[in-house]
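See structure below.
Sequence lines set the chain letters: A, B, ... in the order given, protein chains first and strands last, and positions in each chain run from 1. No experiment lies behind these values; they were computed from the predicted model shown.
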Amino acid sequence: MGRTLAEKVWDEHVVRTVPGEPDLLFIDLHLIHEVTSPQAFDGLRLAGRTVRRPDLTLATEDHNVPTLDWDKPIADPVSRTQVETLRRNAEEFGVRLHPLGDLDQGIVHVVGPQLGLTQPGMTIVCGDSHTSTHGAFGAIAFGIGTSEVEHVLATQTLPQAKPKTMAVTIEGSLPDGVTAKDLVLNLIAHTGTGGGQGYIVEYRGQAVEELSMESRMTICNMSIEWGAKAGLIAPDQTTFDYIKGRPEAPQGAAWDAAVEHWKSLRTDDDAIFDKEIVLDASTMTPFVTWGTNPGQGVPLGASVPAPSDFEDEQDRVACEKALAYMGLEAGTPMREVKVDTVFVGSCTNGRIEDLRLAAQVIEGRKVAADTRLLVVPGSVRVRLQAEEEGLDVIFKEAGAEWRGAGCSMCLGMNPDTLTPGERSASTSNRNFEGRQGKGGRTHLVSVPVAAATAVRGTLSSPADLD
Amino acid sequence: MDKFTTHTGTGVPLKRSNVDTDQIIPAVYLKRVTRDGFEDGLFAAWRNDSEFVLNREPYSTGTVLVAGPDFGTGSSREHAVWALQNYGFKVVISSRFGDIFRGNSGKAGLLAAQVDEKVVQRLWDLLEDQPGTQVTVDLESRTLRAGEGEGAVEDSFDIDDYTRWRLLEGLDDIGITLGHADDIAAFEATRPSWKPATL
Ligand code: SF4
């Protein structure tokens with residue numbers, strides 16, 4: 001019987017397999033950042049262990065770093081300690097680090113692909129749940145906890161039970177103005193936040209094949225938002241073209257050998273998935289969340305739902321709690337929801353294509369009077385590229401804030417936070433209570449919706465702009 | 001890691017579903033570089049509310065948390081597990097856990113016991129009717145027990161065999177894997193040379 005893409009990649013990395021025990025998987029790339037690694041390095045030190053493969057390890061600073069004055073010492077002493085701890089650990093254990101101020105500093109999931117380190121058929125882990133982003137290249141990539149970070153540092157392997165496989169087939173083409181973000185928000189509303197639990201998901205079908213690499217990353221990024229272990233997409237010419245020529249991409253004969261292998265990374269025709277979901281892209285519209293988990297979303301053209309719209313008791317209670325937290329009335333058209341802050345950035349939508357899309361909508365327009373627009377590039381390279389293309393000027397002329405690279409308001413660990421009751425439209429991936437700052441209210445949106453919302457001050461799409 | 005065989009403690013009904021890791025411990029509390037001291041960030045947004053279950057006696061000293069479905073979804077922060085442990089919890093019971101959270105629990109020695117949704121409901125009823133009810137969780141037999149007579153709850157829970165074994169034995173995962181160092185070296189010798197390296 002044939003195998004799925006995920007099974008092929010899995011099988012290629014099994015170091016040891018014994019019935020009744022998880023497989024021991026070899027890890028091709030281990031990404032590290034300042035928040036989830038200090039205790040892991042401490043553990044190594046305590047046990048007198050070393051990093052087995054520093055040459056397969058890469059560290060960057062992203063979660064906790066300021067996006068203003070990034071060339072000055074970090075003001076918050078606790079944040080500074082965490083960042084300095086990473087620097088000390090990287091130095092002591094011989095790990096390559098891209099610190100603040102470095103050309104390759106940025107969100108770990110933006111940095112890996114842009115360096116060409118993320119390649120098809122790899123196993124990639126990081127102490128961060130959005131590691132699923134790298135699956136867009138046909139890699140098995142997933143987030144791990146700090147104990148596992150320590151485990152990978154010490155052994156370059158992880159014991160892992162083999163997940164089930166699921167196919168999500170998106171038929172048809174996305175209509176104009178509807179993005180990968182809308183697609184994945186649609187999907188999560190369809191499945192619920194636990195729908196992917198226990199599965200490695202393969203996204204396939206015409207709509208997925210038509211997407212750019214960066215849009216594919218947006219979809220795989222949010223796999224964790226519906227509970228999937230990982231999400232991946234079969235590599236194709238789009239993938240190869242994206243990797244070619246990047247700093248860490250194979251070259252010459254090595255490139256040819258790599259591509260030949262990558263071409264074999266497809267689900268066999270007779271392979272069987274444990275579960276299949278089929279959605280139609282052609283009927284999708286811009287999608288926004290109204291609640292406090294990413295599954296609580298509706299089309300932008302719809303209204304805030306009422307608890308009575310839900311059959312399931314738990315869903316009703318969840319809706320009630322979410323409406324109270326979000327300060328929303330059932331029945332209010334989403335387009336009338338007034339937004340204080342718009343955040344464009346994060347590992348979901350902080351790449352160059354996203355910034356181009358935002359600039360296209362913003363160009364020649366102004367950010368609404370009592371709305372602020374924060375544009376945070378995913379990495380220093382993205383920032384420099386955007387500046388080369390003059391996007392920063394477009395943003396600044398519209399009245400937006402143009403910032404340095406990092407996670408920023410995606411999780412509000414640095415000074416970029418919402419205040420209690422403040423409402424945001426955010427291109428990030430989580431609308432959890434307090435995610436962007438205590439008491440902050442988050443609506444997840446696509447990049448075009450974010451940009452149009454900044455102009456009108458209420459949730460909007462570019463079609464609403466005159 | 002300490003061995004885990006059985007635990008008895010006050011049950012705490014957390015009547016919420018989809019308690020993600022940002023609610024268990026918000027990001028601003030993640031700046032510490034140690035594994036302890038995270039109890040102050042546990043459920044931080046709710047702790048100001050005097051009606052919140054952990055602010056009420058006798059729940060405030062509970063050690064067995066009984067939560068709604070999809071507990072621990074979201075981020076990979078193991079700090080969520082540490083915060084629960086630092087506060088004093090030994091066991092979390094839910095009908096569905098976020099994958100990474102469940103994995104992290106197993107590594108850090110917090111027992112994540114998965115039960116049927118009805119069992120959660122019955123435990124909630126019991127713990128609210130009779131605050132302070134002791135819940136006993138036996139990892140050996142994979143069973144839990146709470147209360148006596150009419151509303152008593154006695155049922156089994158799910159946990160995968162490997163995690164159960166490691167918890168029972170108090171085994172360090174890394175030590176086990178380093179026992180297979182030869183297998184790892186043999187695997188490394190077969191990796192294609194075009195695979196990327198960072199150094
Ligand atoms: S941008 Fe947000 S989701 Fe992505 S790694 Fe940073 S904090 Fe996590």
Fill in: Which portion of A:T85 sits near chain B, non-hydrogen atoms under 4.5 angstrom
side chain

Practice prompt. Side chain from CB out, backbone as N, CA, C, O: work out which of these in A:L56 comes under 4.5 Å of a heavy atom of chain B, or both, or neither.
Written response: both

Salt bridge present between [X] and [Y] (N-O < 4.0 angstrom):
X: A:D55; Y: B:R191; result: no
X: B:R35; Y: A:E150; result: yes
X: A:R53; Y: B:E188; result: yes

For a quick test of reading the model, state the closest non-hydrogen atom pair linking [X] to [Y] and the distance between them.
X: B:P196; Y: A:M122; answer: CG-CE, 3.6 Å
X: A:R52; Y: B:A181; answer: NH2-O, 4.2 Å
X: B:W194; Y: A:A257; answer: CD1-CB, 3.7 Å
X: B:S75; Y: A:S129; answer: CA-OG, 3.4 Å
X: B:T198; Y: A:L117; answer: CG2-CD1, 4.0 Å

Worksheet item: Rounded to the nearest 0.5 Å, what separation is found between the CD1 atom of B:I184 and the CD1 atom of A:I27?
Response: 10.5 Å

Worksheet item: Measuring from B:S17:OG to A:K321:NZ, what's the distance to the nearest 0.5 Å?
Response: 7.0 Å

Within the distance-only criterion (no hydrogens, no angle test), does the side chain of [X] pair as donor or acceptor with the backbone N or O of [Y] below 3.5 angstrom?
X: A:Q82; Y: B:L30; result: yes
X: A:T155; Y: B:L178; result: no
X: B:D99; Y: A:G198; result: yes
X: B:Q23; Y: A:G434; result: no
X: B:T73; Y: A:E225; result: no

Partner chain B: residue of [options] with the largest heavy-atom pair count (under 4.5 Å):
options: A:R16, A:M413, A:Q39, A:E248; value: A:Q39
options: A:N429, A:T193, A:L115; value: A:T193
options: A:T118, A:V83, A:T292, A:D128; value: A:D128
options: A:D28, A:L158, A:D42, A:T131; value: A:D28
options: A:R430, A:K438, A:Q314, A:Q119; value: A:R430
options: A:Q197, A:E433, A:H261, A:H63; value: A:Q197

Does [atom1] belonging to [X] count more than 12 external heavy atoms closer than 6.0 Å?
X: B:K3; atom1: NZ; result: no
X: B:E150; atom1: CD; result: no
X: B:R145; atom1: CZ; result: no
X: A:Q251; atom1: CD; result: no

Output the option from [options] having the highest count of non-hydrogen pairs under 4.5 Å with chain A.
options: B:T190, B:D173, B:V81; answer: B:D173
options: B:A108, B:G175, B:A27; answer: B:A27
options: B:R16, B:H180, B:K107; answer: B:H180
options: B:A80, B:P26, B:A44, B:P69; answer: B:P69
options: B:T21, B:D70, B:N18, B:I174; answer: B:I174

Item to complete: Kindly assign one of parallel, tilted or perpendicular to the pair A:H13 and B:F187, based on the angle between their ring planes and the thresholds 30° and 60°.
Response: tilted

Worksheet item: Under 4.5 Å between any side-chain heavy atoms of B:R77 and A:V35, yes or no?
Response: no

Worksheet entry | Contacting moiety of B:W165, where chain A heavy atoms sit under 4.5 Å | neither

Worksheet item: Quick one: what part of B:D160 sits under 4.5 Å from any heavy atom of chain A, side chain, backbone, both or neither?
Response: neither

Practice prompt. Could you check B:D20 against A:N293 for side chain to side chain contact (heavy atoms under 4.5 Å, CB included), going step by step and ending with a plain yes or no?
Written response: CA-CA 9 Å; B:D20 53 71; A:N293 76 54; 5.9 Å; no

Item to complete: For a side-chain contact (heavy atoms from CB on, under 4.5 Å) with B:E78, tell me which candidate from A:T146, A:I144, A:V149, A:T36 qualifies.
Response: A:T146

